[in-house]
S.K.: 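The structure that follows is given in the form of structure tokens.
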Amino acid sequence: MASSSEIKLNRLLAALPDAQLKAWLPHLELFEMPLGEVLYESGKVEHYVYFPTSSIVSLLYVMKNGDSAEIAVVGNEGIVGIALFMGGNTTPSRAVVQSGGKGYRLKAKFMKDEFDKAGPVTNLLLRYTQALITQMSQTAVCNRHHSLDEQLCRWLLLSLDRLPGNELVMTQELIANMLGVRRVGVTEAALKVQEAGLISYARGRIKVLDRKGLEQRSCECYQVVKDEYDRLLPMEMAG
């Protein structure tokens, strides 16, 4: 059986009332989420929902020619697989582990049954879904109107908010795939941010040196998304 203290590393699970969490414990399965693991593909029926604890999952839209762009990131604040309980069962996006770690998964039927009870779980998941939609919408606006180094700063901040510590393991090629741009563009943007003394980047490891400076260099989109998550999702564990 899963440990309640470990489970509470995920903010959504931590926000469940104690009685609800105890009922979920036998059904939550600890799940390794290695870098690059595809949790679900576009158009395929989802069999589980996932609650990351020390990993980050990227939701990508993949074009017919193979090009892709990230539409949202999910980490220890949330859940992967909202289509399952929203009634769609499938989604046009792909879910890929962007930063390896662990999480918990829950079978589709159990999750759907819990959502359909129209209790505290339903309310919590609907508020999370609203926050996720805000992130998706703001990402679309950001990609259209802001510079690549601003987008990179936004992406780094959103990722770091979902991980313990201030370091990411991520190649420029992967970042380019996430942002839907050429690798050379990411190289130039990362160099600008590094020369400003905000990050150090070597051998696929990005370390944030000046978090406040990174926030100042980022466009408004990061703060819009963060404020919405903070407004809609509880910061403290439920009693």
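Numbering starts at 1 and runs along the sequence shown. FYI, side chains are in, hydrogens and waters are out, and symmetry mates aren't considered; it's all heavy atoms of this structure.
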S.K.: Is it true that Arg231 and Asp227 make a salt bridge, defined as a side-chain N closer than 4.0 Å to a carboxylate O?
M.R.: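 No, Arg231 and Asp227 are not salt-bridged.
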S.K.: I'd like to know if Glu215 and Lys212 make a salt bridge, using a cut-off of under 4.0 Å between side-chain N and carboxylate O.
M.R.: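 Salt bridge between Glu215 and Lys212, a charged N being under 4.0 Å from a carboxylate O: no.
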S.K.: Closer than 3.5 angstrom, by distance alone: can the side chain of Glu150 be matched with the main-chain N or O of Ser147 as a donor-acceptor pair?
M.R.: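 Yes; at least one donor-acceptor contact below 3.5 Å.
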S.K.: Between Lys117 and Asp113, does at least one N-O distance fall below 4.0 Å, as a salt bridge requires?
M.R.: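 Salt bridge absent between Lys117 and Asp113.
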S.K.: Could you tell me whether a side-chain N or O of Ser99 sits under 3.5 Å from a main-chain N or O of Ser55, the two making a donor and an acceptor?
M.R.: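 Flag not set: sc Ser99 to bb Ser55 has no pair under 3.5 Å.
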S.K.: Given side chains that start at C-beta, do those of Tyr128 and Val74 come closer than 4.5 Å, heavy atoms only?
M.R.: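 Yes - at least one pair of side-chain heavy atoms lies under 4.5 Å apart.
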S.K.: Within the side chain of Gln130, is there an N or O that forms a donor-acceptor pair under 3.5 Å with the backbone of Leu232?
M.R.: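 No, Gln130 side chain to Leu232 backbone: no donor-acceptor pair under 3.5 Å.
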S.K.: Is the shortest side-chain heavy-atom distance between Met33 and Ile56 below 4.5 Å?
M.R.: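 No; the side chains remain at least 4.5 Å from each other.
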S.K.: Assign the ring pair Phe31 / Tyr50 to parallel, tilted or perpendicular, where the plane angle (0 to 90°) is split at 30° and 60°.
M.R.: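 Plane angle between 30° and 60°, so tilted.
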S.K.: Using modelled atom types and a 3.5 Å cut-off, is there a donor and acceptor pairing between side-chain atoms of Thr139 and backbone atoms of Gln135?
M.R.: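 At least one qualifying donor-acceptor pair exists.
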S.K.: Is the shortest heavy-atom distance from the side chain of Leu39 to the side chain of Tyr48 under 4.5 Å?
M.R.: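 No, side chains not in contact.
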S.K.: For Pro52, does its backbone N or O pair with a side-chain atom of Asn10 as donor and acceptor, under 3.5 Å?
M.R.: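 A pair under 3.5 Å: yes.
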S.K.: Is the backbone of His146 close enough, under 3.5 Å, to the side chain of Gln151 for a donor and an acceptor to pair up by distance?
M.R.: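 The answer is yes, because a donor-acceptor pair under 3.5 Å joins these two groups.
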S.K.: Looking at Lys102, is its backbone amide N or carbonyl O close enough to the side chain of Ser54 to form a donor-acceptor pair, meaning the two atoms are under 3.5 Å apart?
M.R.: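 Answer holds: yes.
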S.K.: Tell me whether Glu77 is salt-bridged to Arg11, with the criterion being a basic N under 4.0 Å from an acidic carboxylate O.
M.R.: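 Salt bridge absent between Glu77 and Arg11.
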S.K.: Measure from NZ or CZ of Arg162 to the centre of the six-membered ring of Tyr229, then state whether that distance is under 6.0 Å and the direction lies within 45° of the axis.
M.R.: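 The answer is yes; both the distance and angle limits are met.
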S.K.: Measure the shortest side-chain to side-chain distance between Glu188 and Leu148 over non-hydrogen atoms and say whether it is less than 4.5 angstrom.
M.R.: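 Counting from C-beta outward, Glu188 and Leu148 never come under 4.5 Å.
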